[in-house]
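Okay, so here's the structure we're looking at.
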Amino acid sequence: MIEDIVSLGLPVDEKIVLRKNRILPECMDENTKRICIVTGTHGDELEGQLVCYEMNRILKENKGHLKGIVDIYPALNPLGIDTITRGIPGFELDMNRIFPGKKQGSMAENIALAVFEDIKGAEVCIDIHASNIFLREIPQIRISEQTAAELVPLAKLLNVDFVWVHSAATVLKSTLAHSLNTVGTKTLVAEMGVGMRITKEYGRQLCDGILSLMQHLGMWDGDVAPVREPIVSTDGRVEFVNAAMGGVFIPAIEHCMHVREGEYIGDIVNPMNGQVLVHITSPCNGLVFTLREYPVVDEGSLIARILGE
Amino acid sequence: MREINLFELKAIYRDSMRIRGYCFGEGEKTLCVVGAMRGNEVQQLYCCSLLVQCLKELEEQGKLVKGKSVLIIPCANTYSMNTGKRFWPTDNSDINRMFPGYDKGETTQRIAAGLFNTIKDYEYGIQFASFYMPGRFTPHVRIMKTGYENVEDAKKFGLPYIILRDPAPYDTTTLNYNWQIWETKAYSLYTQETGRIDKKSAVKVIDSVMRFMERNGIISHSGKSGHVSDVIPEGELLAVATAQSGIFESCVEVENQVKEGHVLARIIHPYNGSVLEEVKATGEGIVFFRHSDPMVYSGTVVFKIIPRSAFRHSKSSRVN
């Protein structure tokens, strides 16, 4: 059942309408739990599109096994998706920095409030992001330190490779996940793949995880594939590799590879004169869970993140 | 006047991005002024260029107070300015959401760190700022309430209004907020424009900076005495939002006085010209902000009004 969450007028003969698909179980009572699958806050992050499609397909084909309410929100930022833009076109703040939103603000803040109010009260929410166009990420769940005790056990059911428990920066207090966790709606942020693309194996991996979580919550009694045991880490074990100079990055390794300290990761080169500007090596032994995808780099651009052993 | 390079970022296919500063006087780091940090902040750049001219003349006349130094940084983002982008051209990140910066981090974190390391020790910091919603403001001083804010010194600008803002989480990475945390008395000055030059409001703001410097013993200069500022908490401003979308036709300007029910703007149907909505004032007061784009979405705040009651509070706090 497709439902409108909020509808606002655009200047010339168009409305922006945010919609969700609500899938109901055959039997319900007042204790029936609700899960929200949310994506598309950043219009250039498309990995969640496959997850939404697959979850819709699986649930439609196996309706008898569904024991809870599933709300699927495939496009929180429809104008961003349509224009291949991270943010909401014409609005300069990141949509994921204005939650819980407000009534007396901009159109974007109104939309954020409607989304927040609609999801609030669910048993759990999965907010799916891709990386940006610059970086490729392995499937991971990101959790702030404050909510780790409650959320890490749920994250382990989601069939991801990595659970990153990060420090709670003040600026992140205006994300959808933080705002929902603050009001008691357990929200997990999934991050995977690369911007503007769909990585099929990652999407299907996360769908298996969502079904496993739903089974754990008593919302699904169908078959569930075995889930992998993720590495759980805090900030302290993550090493960042940034470009020491601007140029063109040519990787020497594959994403999701284990490297040794001092191992060759790639070069930053100058195509104008054939010079290697920076020869990049790994600062530690570990797993390259983030790797640069977009070749052109400025000084400081992120090249890799390595989870130290 | 000395011109210095504060920061340089090299690139393979472009000239380096340099942040240049203009230094006046010698001695204590007394005042730093930062202009454009976003590529469309042309008015903010222009204000700095006027200020550099004023200080150069004062220096030549021997009117800078000995033992005090002033640094003006007209632009911290030439790459965006020269390519018509508001934010960093490659990853669209905002330098003014990266403070205090990180010198081993990503590009805009490094730029913020390079800038902040130079300017964090000044006693006073002024930023010519622009707002995240498109619109025109009455020129004013804006201060974030961090617990370190200094409202008394803000009155020395002699601008009509001082707006006190409770910081949102996304404000905690701005220059103004971090300046305060590092014990600089920080003020954001807003003029009427951003992407185009408005000389009248620029001159008004430069006059206010000159007053501020004179009243803080940085220069000897006699100018207009300015206003007795009203201090208004941002939360007291009346927000007026649209119910309809379409072409936005404003009927009032900033600084106009309005009464409840006064028609502030009309929303016009973009095809047939009919009036879809009359946007009306929700209370009596002075128009402080107005939307400036020719088109508007529904559910968008297009005016902010300083209500009469805010002036009463402001006066009582002045007496106290």
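Just the heavy atoms: all of them, side chains too, but no hydrogens, waters or symmetry mates, feed the values below. Predicted model only: the values in this text are computed from it and were never measured.
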**Request:** For each of B:Gly105, B:Ala241, B:Ala11, tally heavy-atom pairs with chain A at distances under 4.5 Å, and name the one with the top tally.
**Result:** B:Gly105
**Message:** Distance check, rounded to the nearest 0.5 Å: A:Lys15 atom NZ versus B:Tyr297 atom OH?
**Reply:** 15.5 Å
**Asked** Can you find a pair of side-chain heavy atoms, one from A:Pro271 and one from B:Ile12, that are under 4.5 Å apart?
**Response** yes
**Residue A:Phe116 excluded, over 12 heavy atoms near CZ under 6.0 Å** = yes
**Asked** For B:Ala239, is it the side chain, the backbone, both or neither that has a heavy atom under 4.5 Å from a heavy atom of chain A?
**Response** both
**Message:** If I measure from the heavy atoms of chain B, does A:Ala243 come under 4.5 Å with its side chain, its backbone, both, or neither?
**Reply:** backbone
**Item:** Contact origin within B:Phe87 toward chain A - heavy atom pairs under 4.5 Å
**Value:** side chain
**Item:** Reported CD-to-CG distance for the pair A:Gln104 and B:Leu237, which is rounded to 0.5 angstrom
**Value:** 12.0 Å
**Message:** Taking B:Lys10 first and then A:Glu299, would you say they form a salt bridge - that is, a charged N and a carboxylate O separated by under 4.0 Å?
**Reply:** no
**Fill in**
On a heavy-atom basis, the closest approach of B:Pro169 and A:Ser174 is CB-OG, 3.6 Å
**Item:** Heavy-atom pairs under 4.5 Å with chain B, option from A:Pro11, A:Gly9, A:Gly246, A:Gly105 with the top count
**Value:** A:Pro11
**Message:** Please classify the contact between B:Arg38 and chain A as side chain, backbone, both or neither, with a heavy-atom cut-off of under 4.5 Å.
**Reply:** side chain
**Item:** Toward chain B: residues of residues 75-88 of chain A with heavy atoms under 4.5 Å
**Value:** none
**Message:** With rounding to the nearest 0.5 angstrom, report the CZ to OG1 distance, A:Phe134 to B:Thr90.
**Reply:** 5.5 Å
**Complete:** So, the part of A:Phe240 with a heavy atom under 4.5 Å from chain B: the answer is neither
**Message:** What part of A:Phe91 gets within 4.5 angstrom of chain B, counting heavy atoms only: side chain, backbone, both, or neither?
**Reply:** side chain
**Rounded distance (nearest 0.5 Å) linking atom OG of B:Ser245 with atom CD1 of A:Ile16** = 11.5 Å
**Prompt:** Should we say atom CE of B:Met295 is surrounded by more than 12 heavy atoms from elsewhere, each under 6.0 Å from it?
**Reply:** no
**Asked** Measuring from A:Leu8:CG to B:Ser298:OG, what's the distance to the nearest 0.5 Å?
**Response** 4.0 Å
**Request:** Please name the residue in the list B:Lys104, B:Arg110, B:Gln109 that meets the side chain to side chain contact (heavy atoms under 4.5 Å, CB included) test with A:Asn242.
**Result:** B:Arg110
**Message:** Less than 4.5 Å to any heavy atom of chain A: does that hold for the side chain of B:Asp91, its backbone, both, or neither?
**Reply:** both
**Request:** With a 4.5 angstrom heavy-atom cut-off, could you sort out which part of A:Met107 is near chain B: side chain, backbone, both or neither?
**Result:** both
**Message:** With a sphere of 6.0 Å drawn around CZ of A:Arg197, does it hold more than 12 non-hydrogen atoms of other residues, nucleotides or ligands?
**Reply:** no
**Item:** B:Glu106, part contacting chain A, at a heavy-atom distance under 4.5 Å
**Value:** both
**Request:** Please report the C-alpha distance between A:Asp94 and B:Tyr170 in whole Å, then the side-chain angles of each, then the deciding distance to 0.1 Å, and finally whether the side chain to side chain contact (heavy atoms under 4.5 Å, CB included) criterion is met.
**Result:** CA-CA 10 Å; A:Asp94 185 330; B:Tyr170 59 77; over 6 Å; no
**Prompt:** For atom CD of B:Glu278, is the number of surrounding heavy atoms from other residues, nucleotides or ligands below 6.0 Å larger than 12?
**Reply:** yes
**Request:** Could you check which of B:Ile247, B:Asp103, B:Thr300, B:Thr107 has the highest count of heavy-atom pairs closer than 4.5 Å to chain A?
**Result:** B:Thr107
**Prompt:** Under a 4.5 Å heavy-atom cut-off, does chain B meet the side chain of A:Leu277, its backbone, both or neither?
**Reply:** side chain
**Toward chain A, the part of B:Tyr13 with a non-hydrogen atom under 4.5 Å** = side chain
**Message:** Looking at every non-hydrogen atom in both residues, tell me the closest pair between B:Arg97 and A:Leu93 and how far apart they are.
**Reply:** NH2-CD2, 3.5 Å
**Prompt:** Where do B:Trp88 and A:Asp298 land on the side chain to side chain contact (heavy atoms under 4.5 Å, CB included) test, with the steps shown first?
**Reply:** CA-CA 11 Å; B:Trp88 188 248; A:Asp298 291 329; 3.0 Å; yes
